[in-house]
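The structure under discussion appears below in the form of structure tokens.
Along the sequence shown, residues carry numbers from 1.
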Amino acid sequence: MTVTAVSPDAKTGDVYTRRWVAEAILDLVGYTIDKPLERCRIVEPAVGDGSFLRPILDRLLTCALGRGVPLTALGPAVRCWDIDEEKVGQCRLLVTAALVEAGADLNDARHVASDWVRVGDYLLHEAAAADFVVGNPPYIRWDDLGAERAARYRDACTTIRGRGDIYLGFWERALASLRPGGRVGFICADRWMRNSYGADLRSMVGDGFDVETVWSMHDVDAFEEKVSAYPAITVIGRATGRQPVVVTTTSEFAERGAAQAARFTLGRNLQGSGVGWKGHRLDRWYTGRGLWPSGTPETLAALDALSGFPTLEDAGCTVGIGLATGCDARFVVDHPVDVEPDRLLPLVKGGDLNGSLHWNGHYLVNPWAPDGKLVNLNAYPRLRRWLNVPEVRARFVANRQPASWYRTIDKVIAGLAETPKLLIADMRPRLSPYLDHGGLYPHHNLYWVTSEIWDLNVLGGLLLSDIAATFVEAYCVRMHGGTLRLQAQYLRTIRVPQPGDIAPDDAAALADAFIHRDRTQATAAARKAYLL
């Protein structure tokens, strides 16, 4: 992949794929020398340094030479794109040298190389029909695109929603270009499967395509340099009918393990394992716009068995995330400061949840009135002095709304501090709820659950159980070291019984387990509550 400048002020960066990863993807999509590759077309949307082009070239030339196909006839067999002219030139030289070595005339080789490797933006050119599309799509933050380029991408690619990354567009264009039976094989971030911005792409995949392979490779050394992209190798075909295979990997996964995992993926066994990997063959994949879970067949079967229960919100709960300020250095303090006393709101942070809830004395310097509007600073001169500093004035939210320069990014929700609520910290290895009886406002690294109909100790017991963890872990992104990267949308996938359907003894056991932080007891009681 080449992540290159798309406007004068865009950030740049190059991230290249290791050869063994490219070889594995070519195997998984079926671009192998036992097939007449000279009669197929393979496309690489962002050729970069030729990480995929090199093995493509080796395989194609092996087929052509073995079958006596003239090298001059290979022009339609490959299409590679990149917006970086220098990289295109280097890849053309690579192709030319390989063709000449294989016996082609120099001029003929240059002509084929120019036909294969082209300067252009894959998202903005009409994609040629393809049998295979492979690569490592660019991963560029939306804010780094520039307004003009971002607008053109949105016009060209309907699946790029909100601030979703442009790799969504590469998936969309690649899938749309496939001939019947064709396949796309990309290594890129898998978050589109489990985030709201991927909804349109998930819907597209469910309409005429088959998810064949997902190799989760978050901790794998898959690139020539260290990056935190949480990638997966994903293969999706047009009406191929192949059963989906899910492979989970560890940091030990490399070339040897990839060869083993590829043989398993392309075989018929239901389960397999090897150096740094475990694999499972599933009966089906998911359709529609909803989040796609991941896990073993047993995990996915458990989720299916619980699908008849209501979600948290359907069962009378409200789920939200704590407040983001845009300048914690000024809005969040660890002791009372020189503002009017009613402008200090006790704030609970993730560090306050550690085996028990213990408030460490932080406050939010609160610019919001109970009616949801900003307070009038003329009535709060000390608050004005405290907030009227460059770091508050220079924030994006302040520049966007100059008259409201002293606002926090999020509003303070009236009454939330006083309301009893379950608090769940982000970036933890396990889902761990804690009860605030009222009086604290949650910071942005906390999620909260409130309800007017639940005994929150009983609900806390359900959320402490391994059953609730199964839901979250099936959807949630796990960061390096196994840390859960929570989002409110993942918590909303949890399904629970209606509170009135839980037997009194089971409810009492859940509440007791929650109070005593006993996950084993909580899981046993939850199994009874779910009638498992």
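The number of heavy atoms from other shown groups lying within 6.0 Å of CD (E298) is above 12. For N354, the CG atom is loosely surrounded, since the number of other residues' heavy atoms within 6.0 Å does not exceed 12. Within a 6.0 Å radius of CD in Q489, other residues, nucleotides and ligands contribute more than 12 heavy atoms. By the 6.0 Å contact criterion, CZ on R527 is open, its count of non-hydrogen atoms from other residues, nucleotides or ligands being 12 or less. Within 6.0 Å of CZ on R256 lie no more than 12 heavy atoms contributed by other residues, nucleotides or ligands. Around CG of D283, the count of heavy atoms belonging to other residues, nucleotides or ligands within 6.0 Å does not exceed 12. Residue E224 places its CD atom among more than 12 non-hydrogen atoms of other residues, nucleotides or ligands, all under 6.0 Å distant. Counting non-hydrogen atoms of neighbouring residues, nucleotides and ligands closer than 6.0 angstrom, the CG atom of D155 exceeds 12 such neighbours.
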- Trace of the side chain to side chain donor-acceptor pair (under 3.5 Å) decision for D426 with N445: CA-CA 6 Å; D426 193 5; N445 58 355; over 6 Å; no
- Using the ring pair (Phe, Tyr, Trp, His ring centres under 6.0 Å) rule, take W215 and W277 through it: C-alpha gap first, then chi angles, then the decisive distance, then the call. CA-CA 9 Å; W215 289 9; W277 68 275; 7.8 Å; no
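Between T311 and E313, the side chains place no donor N or O within less than 3.5 Å of an acceptor N or O (distance only, hydrogens not considered). Defined by atom type and a distance below 3.5 Å, a donor-acceptor pair is present between the side-chain atoms of D328 and H443. No side-chain donor from either of T523 and T520 sits under 3.5 Å from a side-chain acceptor of the other. When only modelled atom types and interatomic distance are considered, Y153 and D121 share a side-chain donor-acceptor pair under 3.5 Å.
Atoms CD1 and CZ, on I409 and R395 in that order, are 7.0 Å from each other to the nearest 0.5 Å. Distance check, rounded to the nearest 0.5 Å: CZ of F471 to OG1 of T493 gives 7.0 Å. The structure places CG of L175 at 4.5 Å from CZ of F209, a figure rounded to the nearest 0.5 Å. Rounded to the nearest 0.5 Å, atoms CZ (F396) and CD (Q401) are 9.5 Å apart. Here CG of D314 is found 7.5 Å from CZ of R495. Values are rounded to the nearest 0.5 Å. Interatomic distance, L462 CG to L510 CG, rounded to the nearest 0.5 Å: 4.5 Å.
The two residues L347 and L364 make their nearest non-hydrogen contact at CB-N, 3.8 Å. Heavy atoms only, all atoms of each residue included: T234 and M193 are closest at OG1-CE, 3.4 Å. Closest approach of L463 to P433, counting heavy atoms only: CB-CG, 3.8 Å. Shown here for L123 and C157, the closest heavy-atom pair between the two residues is CD2-SG, 4.1 Å.
Under the 4.5 Å side-chain criterion, counting only non-hydrogen atoms from C-beta, L323 is not in contact with F331. Within the 4.5 Å cutoff, the side chain of E212 has heavy atoms near those of the V235 side chain. Within the 4.5 Å cutoff, side-chain heavy atoms of I187 are placed close to those of F223. Side-chain contact check for R183 versus L28: every heavy-atom pair is 4.5 Å or farther apart. Inter-residue side-chain proximity for W192 and W292 is flagged as met; some heavy-atom pair is nearer than 4.5 Å. In this structure, H362 and D334 have side chains that are in contact, with non-hydrogen atoms separated by less than 4.5 Å. Side-chain contact check for F132 versus I25: every heavy-atom pair is 4.5 Å or farther apart. When side chains are defined from C-beta on, Y475 does not count as touching L491, because their heavy atoms never get closer than 4.5 Å.
Just one of L345, T408, L344 meets the side chain to side chain contact (heavy atoms under 4.5 Å, CB included) condition when paired with V365; it is L344.
A salt bridge links D304 with R284: at least one charged nitrogen is closer than 4.0 Å to a carboxylate oxygen.
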